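Since this is a predicted model, take the numbers as computed values, not measurements.
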Amino acid sequence: MKAKHIKCLAVLFSAVTVLLVACRKDSFDYGVFIGDDINQQKKYERYDNIVVDPSSFKSKQVETLKADGKNVYAYLNIGSLENAQPYYKSYEDVLLDRYDGWPDEHWADVTKEKWQRLVVQDRARVYKERGLDGLFIDNTDVYYRYHTPEVYQSLKSMLASLKRQGFKLIVNGGDVFVSETLKDGSAKKLYDGVNQEDVFTTYDFNKKKYGRQTKKNTDYYERYLKQAKKAGLDVYIVEYRAGRELSKKIDAYCERHGYKWYNADEIKLN
C-alpha cells in the first residue's frame with residue numbers, strides 16, 4: 001500500500017521536458033522545485049503554492065516569493081538522513097538501516113533527543129531566519145519501517161513542536177503514520193495537510209520505468225485522501241509523467257475533491 005518515491009523530495013524536472021498540469025489555464029495551484037537554481041525563479045510566477053529546497057534559498061529570495069503572494073514550503077526530512085548533508089558525520093550515531101532504493105541515505109532513530117534537537121531546533125531556526133513559514137515534512141514513513149509506540153510518539157512530538165513555532169505543515173507520504181493520527185484525532189492539531197505521491201502513477205526502481213499505479217493501490221489512496229480531507233486537512237498529490245489522457249482524469253478528480261496536484265518529470269536528482 002505504500003509507494004515512497006520522494007527522496008529529499010526527489011521531484012526534479014527539466015525546464016524543457018517537464019509536463020506541468022493544473023485545473024486552471026492561467027496559473028498552477030502547486031509546484032515542487034527541490035534542488036532548483038535560485039536564479040530561475042521566474043518560472044514560479046504562475047504557482048500559488050511551491051515547495052523548495054531551503055538550502056538553495058536565502059531570505060531575500062523567500063521574501064520576493066512571499067511578496068508575490070506565494071505560499072512557500074521548505075523541504076524538511078525528519079525521518080532519515082542523506083550522507084550528502086554537511087552535518088551527516090555528526091549524526092552517524094543515530095542512524096539505522098540503509099534506506100531501500102537510496103544507497104546514500106539511512107533511516108534515523110527519531111526517538112533520540114539528539115535527532116529531535118536537529119529537527120525542531122537547529123533546522124527550524126535556520127528556516128525561520130530565512131522567512132520560511134511552511135514546511136514540507138518528509139519521511140514520517142520511518143514509522144512504517146520501525147512500527148513502535150516510541151517512534152510514533154516521537155514523530156508526534158516533533159510535529160507538535162514545529163507547529164507551535166508557527167510553521168504550516170504538510171506531511172508527505174507517511175500514510176501509516178497519518179492514518180493513525182486520523183484515528184486518534186490528533187491529525188489536525190499536528191499538521192495542516194498531506195501530500196501523497198503515486199496515486200495514479202508509479203515508478204519501478206528495479207526496471208527504472210514509469211507506469212500506471214495498480215487499481216488496488218489507487219483505490220486505497222483515494223480512500224485515504226478522502227479521510228484526510230474529511231478531517232479538515234488540505235490534500236496535495238504528486239504524480240510522475242502522467243500522460244495527457246491520465247492528466248485530464250487527474251484534473252477532474254482533483255477539481256471534484258478540492259485537491260491540488262503536480263506532475264513531475266523525473267524521480268531522481270539529475
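Asp175 has no carboxylate O lying under 4.0 Å from a charged side-chain N of Arg223, or vice versa, which leaves the two without a salt bridge. Salt-bridge check for Asp219 with Lys215: passed, with a basic side-chain N closer than 4.0 Å to an acidic carboxylate O. Using a 4.0 Å cut-off between a side-chain N of Lys or Arg and a carboxylate O of Asp or Glu, Arg98 and Asp104 do not qualify as a salt bridge. A salt bridge links Asp93 with Lys114: at least one charged nitrogen is closer than 4.0 Å to a carboxylate oxygen. Salt bridge absent: Glu245 and Lys249 never bring a charged side-chain N and a carboxylate O closer than 4.0 Å.
The aromatic ring centres of Phe200 and Tyr221 sit 6.0 Å or more apart.
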Yes or no on ring-ring contact (aromatic ring centres under 6.0 Å, His included) for Tyr30 and Tyr47, after CA distance, side-chain angles and deciding distance?
CA-CA 6 Å; Tyr30 182 48; Tyr47 291 85; 8.8 Å; no
Run Tyr152 and Tyr143 through ring-ring contact (aromatic ring centres under 6.0 Å, His included) and show every step you take.
CA-CA 6 Å; Tyr152 180 63; Tyr143 179 58; 5.2 Å; yes
Evaluate the criterion side chain to side chain donor-acceptor pair (under 3.5 Å) for residue pair Gln85 and Tyr91; output intermediate values, then yes/no.
CA-CA 10 Å; Gln85 293 295 341; Tyr91 291 88; over 6 Å; no
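Within 6.0 Å of the CD atom in Glu92, the count of heavy atoms belonging to other residues, nucleotides or ligands exceeds 12.
Atom CD of Glu255 is separated from atom CD1 of Ile250 by 14.0 Å, given to the nearest 0.5 angstrom. Rounding to the nearest 0.5 angstrom, the gap separating the CD1 atom in Ile50 from the OH atom in Tyr262 is 11.5 Å.
A side chain to side chain donor-acceptor pair (under 3.5 Å) with Asp133 is found for one member of Gln165, Lys168, Lys66 and no other, namely Lys66.
Under 3.5 Å, the side chains of Tyr75 and Ser55 contain no donor-acceptor pair of N or O atoms. A side-chain N or O of Asp138 and one of Asn172 form a donor-acceptor pair less than 3.5 Å apart. In this structure, a donor-acceptor pair under 3.5 Å is present between the side chains of Glu239 and Thr201. A side-chain donor from one of Tyr146 and Asp97 sits under 3.5 Å from a side-chain acceptor of the other. Judged by distance alone, the side chains of Trp261 and Asp29 never bring a donor and an acceptor atom under 3.5 Å apart.
The shortest non-hydrogen separation linking Gly134 to Phe167 is N-CD2, 4.1 Å. Heavy-atom minimum distance, Gly173 versus Tyr224: O-OH, 3.8 Å. The minimum heavy-atom distance linking Tyr87 with Leu81 is given by the pair CE1-CD1, 3.5 Å.
With hydrogens and angles disregarded, a donor-acceptor distance shorter than 3.5 Å links the side chain of Lys229 to the backbone of Gly258.
Between Tyr259 and His257, the angle of the ring planes stays under 30°, which puts this pair in the parallel group of the 30/60° scheme.
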